[in-house]
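Letters A, B, ... mirror the listed sequences (proteins, then strands); counts begin at 1.
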There are 2 protein chains.
Amino acid sequence: MSELFVDLDRSSPVPLYFQVARSIEAAIQSGQLAPGARLENEISLADQLGLSRPTMRRAIQQLVDKGLLVRKRGVGTQVVHGQVTRPVELTSLFDDLTRSGQAPRTEVLLHRIEPAPDEVAVTLALAPGTDVLHVRRLRYSREEPLAVLDNYLPPEFCDLSPADLALRGLYQLLRSRGVGMRVAKQRIGARRGTAEECHLLGERRGSPLLTMERTTHDDSGRAVEWGRHVYRASRYAFEVTLVDR
Amino acid sequence: MSELFVDLDRSSPVPLYFQVARSIEAAIQSGQLAPGARLENEISLADQLGLSRPTMRRAIQQLVDKGLLVRKRGVGTQVVHGQVTRPVELTSLFDDLTRSGQAPRTEVLLHRIEPAPDEVAVTLALAPGTDVLHVRRLRYSREEPLAVLDNYLPPEFCDLSPADLALRGLYQLLRSRGVGMRVAKQRIGARRGTAEECHLLGERRGSPLLTMERTTHDDSGRAVEWGRHVYRASRYAFEVTLVDR
DNA sequence: GTCAAGAGAATGTCAGGACAAATAGGCATG
DNA sequence: CATGCCTATTTGTCCTGACATTCTCTTGAC
């Protein structure tokens with residue numbers, strides 16, 4: 001059981017529990033805390049770092065939620081066995097690709113303001129027929145086509161330009177306009193690609209594709225985006241970590 | 001903003017924050033708290049229920065994590081717009097089908113104790129060549145084939161009988177043996193089914209299938225199960241709710 | 001009439017303490 | 001030697017209190 005090196009900066013705007021969680025996570029990723037290793041108990045850890053127990057608990061809880069640690073009453077806290085998997089957070093494909101250094105490229109196939117189809121109007125909670133922005137993009141990674149992204153956005157985002165969408169990810173653009181995205185509900189399935197989809201993605205006709213429908217809500221609970229995406233099954237998969245509490 | 005009817009039972013072993021969360025969730029599901037409705041502030045809610053603010057916060061946090069509520073600093077807490085979606089928890093296909101009243105049936109195709117293949121030995125953290133239980137099941141829903149489930153279990157579960165596996169879900173069996181499952185890491189993809197898979201599932205040859213690989217860890221961080229499943233894409237999809245914090 | 005400063009309100013963070021419940025390991029007893 | 005009890009350890013729950021940060025709305029100045 002090794003000592004944890006945690007540099008706490010109490011003047012930083014970054015919350016203490018977050019600083020601690022980040023440090024522990026780094027120790028796990030670096031192998032300093034091996035899979036299966038037991039952490040010291042919460043109270044002595046809190047003492048060592050000069051924190052209260054609730055703050056220490058919160059730091060640990062964050063990593064439990066991410067699937068990196070497990071706790072057992074009466075026993076202690078341990079590092080989960082198994083490979084390092086980067087858990088899926090509320091990010092977009094663009095973010096994921098950028099972070100893994102794959103230099104995504106985006107081609108805007110369609111950029112049109114149109115009356116919302118019924119299904120879209122319902123999920124975005126708009127009056128039927130309200131004008132929405134419909135964009136269709138082809139996303140490349142390493143200069144290979146990866147996905148066709150169909151998205152509908154409520155009226156206030158109708159001024160997003162094709163140039164914006166070609167350069168930055170949709171989530172990035174929304175964030176830069178002050179949208180605080182909090183919840184996304186996804187439905188992941190599969191089907192045979194249409195002739196057009198397969199052509200765009202460079203797959204043989206009738207190839208299996210991974211599909212994803214998503215509704216994203218902001219911090220006031222409003223739906224800010226609805227999308228229907230198809231991915232090349234040969235080059236993409238979703239990773240999900242589920243935690244029971 | 002309606003009053004919340006919450007029956008608190010302080011003598012119950014069910015934690016107070018959980019009782020409160022359950023009540024609020026019921027109010028949302030029943031429509032008593034409509035989408036977009038604002039909750040009263042944490043302090044007055046806590047006062048009304050005779051609870052401390054941390055306990056009240058924890059109840060709300062649980063629903064925020066489930067994607068039912070959103071909070072915004074300086075503003076308040078609101079119910080998320082949009083349809084009621086049952087968020088995915090750490091459950092098995094069997095649990096899901098049972099809960100939605102679809103009477104799953106299971107056919108055990110294979111039940112064999114064999115040396116662990118390298119990949120399995122690694123993910124289950126066993127010595128190479130250790131004997132593991134390999135089961136292959138065909139899962140029906142409404143008397144239609146739905147999925148082919150391949151699973152590997154560590155040595156201590158080798159005594160699970162085919163009869164057990166035909167009658168109950170794998171997660172149920174593990175739970176009844178005192179295994180506390182906490183974390184599952186899934187990878188969801190798609191591919192064309194093999195001739196055998198399509199035949200078993202009653203699909204045309206080369207149909208697209210949804211694939212899922214999963215490693216489940218218990219509360220001491222040990223891997224207790226590894227599975228590779230294929231689902232009929234025409235009849236199944238995964239629903240996932242992501243929350244940013 | 002417009003814009004900026006300020007007050008109020010709500011959630012976010014952090015501390016310190018107390019007791020409950022579950023686990024594991026040692027110890028005594030059969 | 002085996003079994004059951006007891007105790008120490010550790011996490012789980014709950015409380016009270018305080019201050020910080022962010023957003024909204026009102027008020028006031030220009």
Side-chain angles (χ1 to χ4, degrees), chain A residues 1 6 8-22 24 37-65 69-79 178-180 182 218-222 243-245, chain B residues 1 6 8-22 24 37-65 69-79 178-180 182 218-222 243-245:
Chain A
M1 208 175 307
V6 181
L8 286 183
D9 178 2
R10 296 191 95 95
S11 69
S12 162
V14 178
L16 291 174
Y17 72 87
F18 193 85
Q19 295 182 40
V20 175
R22 210 164 37 181
I24 298 177
R38 258 197 32 237
L39 265 66
E40 283 183 66
N41 71 64
E42 299 171 346
I43 298 181
S44 68
L45 278 177
D47 282 348
Q48 283 175 35
L49 301 179
L51 296 170
S52 67
R53 188 180 162 214
T55 302
M56 193 63 222
R57 259 184 85 72
R58 186 161 179 188
I60 293 174
Q61 185 61 49
Q62 192 163 72
L63 298 179
V64 170
D65 290 344
L69 298 178
V70 285
R71 294 202 271 205
K72 205 170 170 183
R73 178 190 268 191
V75 179
T77 306
Q78 288 176 284
V79 180
V179 178
R182 286 296 155 79
D218 70 0
D219 47 18
S220 64
R222 227 170 43 96
V243 179
D244 187 31
R245 281 184 294 179
Chain B
M1 210 175 306
V6 180
L8 285 183
D9 178 1
R10 295 190 95 96
S11 69
S12 162
V14 178
L16 292 174
Y17 71 87
F18 193 86
Q19 295 183 40
V20 176
R22 208 164 37 180
I24 298 177
R38 260 199 28 238
L39 265 66
E40 282 184 66
N41 71 65
E42 298 171 347
I43 299 180
S44 67
L45 277 177
D47 281 350
Q48 284 175 35
L49 302 179
L51 295 170
S52 68
R53 190 181 160 214
T55 302
M56 194 63 222
R57 261 183 83 73
R58 187 161 177 188
I60 292 174
Q61 185 62 49
Q62 191 163 72
L63 298 179
V64 170
D65 290 343
L69 298 177
V70 284
R71 293 203 271 206
K72 205 169 169 183
R73 180 186 219 156
V75 179
T77 306
Q78 288 176 285
V79 180
V179 179
R182 287 296 154 79
D218 71 0
D219 46 20
S220 64
R222 226 171 43 95
V243 179
D244 186 31
R245 279 185 296 180

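Listed pair B:Arg53 / D:dC15 fails the phosphate criterion, with no side-chain N or O lying under 4.0 Å from OP1 or OP2. Taking only side-chain nitrogens and oxygens, B:Tyr17 never comes nearer than 4.0 Å to OP1 or OP2 of D:dC14. For D:dT13, one of the phosphate oxygens OP1 or OP2 lies less than 4.0 angstrom from a side-chain nitrogen or oxygen of B:Arg58. Considering only side-chain N and O atoms, A:Arg57 lies under 4.0 angstrom from the phosphate OP1 or OP2 of D:dG12. One finds a side-chain N or O of A:Arg10 lying less than 4.0 angstrom from the OP1 or OP2 phosphate oxygen of C:dA15. Under 4.0 angstrom from either OP1 or OP2 of D:dT13 there lies no side-chain N or O belonging to B:Thr55.
Distance, A:Arg38 CZ to C:dA24 C1': 10 Å, rounded to whole Å. Distance NZ (A:Lys72) to P (C:dG25): 11 Å, rounded to an integer number of Å. The distance between atom CZ of B:Arg182 and atom P of D:dT11, rounded to the nearest whole Å, is 13 Å.
Rounding to the nearest 0.5 Å gives a distance of 11.5 Å between CD of B:Glu42 and OG1 of B:Thr55. The line from CG of B:Asp47 to OG of B:Ser52 is 10.5 Å long, rounded to the nearest 0.5 Å.
Distance from the side chain of B:Pro54 is smallest to D:dT16 among D:dT10, D:dT16, C:dA24. The nucleotide whose nearest atom lies closest to any side-chain atom of A:Glu42 is, among C:dC14, C:dA10, D:dT11, D:dT11.
Counting atom types as modelled, B:Arg73 pairs a side-chain N or O with a base atom of D:dT21 as donor and acceptor under 3.5 Å.
Checking A:Val14 against B:Ile43, the closest nucleotide of DNA chain C that is more toward the 5' end is the one next to B:Ile43.
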(request) Please report the C-alpha distance between A:Leu16 and A:Leu8 in whole Å, then the side-chain angles of each, then the deciding distance to 0.1 Å, and finally whether the side-chain contact (heavy atoms from CB on, under 4.5 Å) criterion is met. (result) CA-CA 7 Å; A:Leu16 291 174; A:Leu8 286 183; 4.3 Å; yes
(request) Please report the C-alpha distance between B:Val70 and B:Thr77 in whole Å, then the side-chain angles of each, then the deciding distance to 0.1 Å, and finally whether the side-chain contact (heavy atoms from CB on, under 4.5 Å) criterion is met. (result) CA-CA 6 Å; B:Val70 284; B:Thr77 306; over 6 Å; no
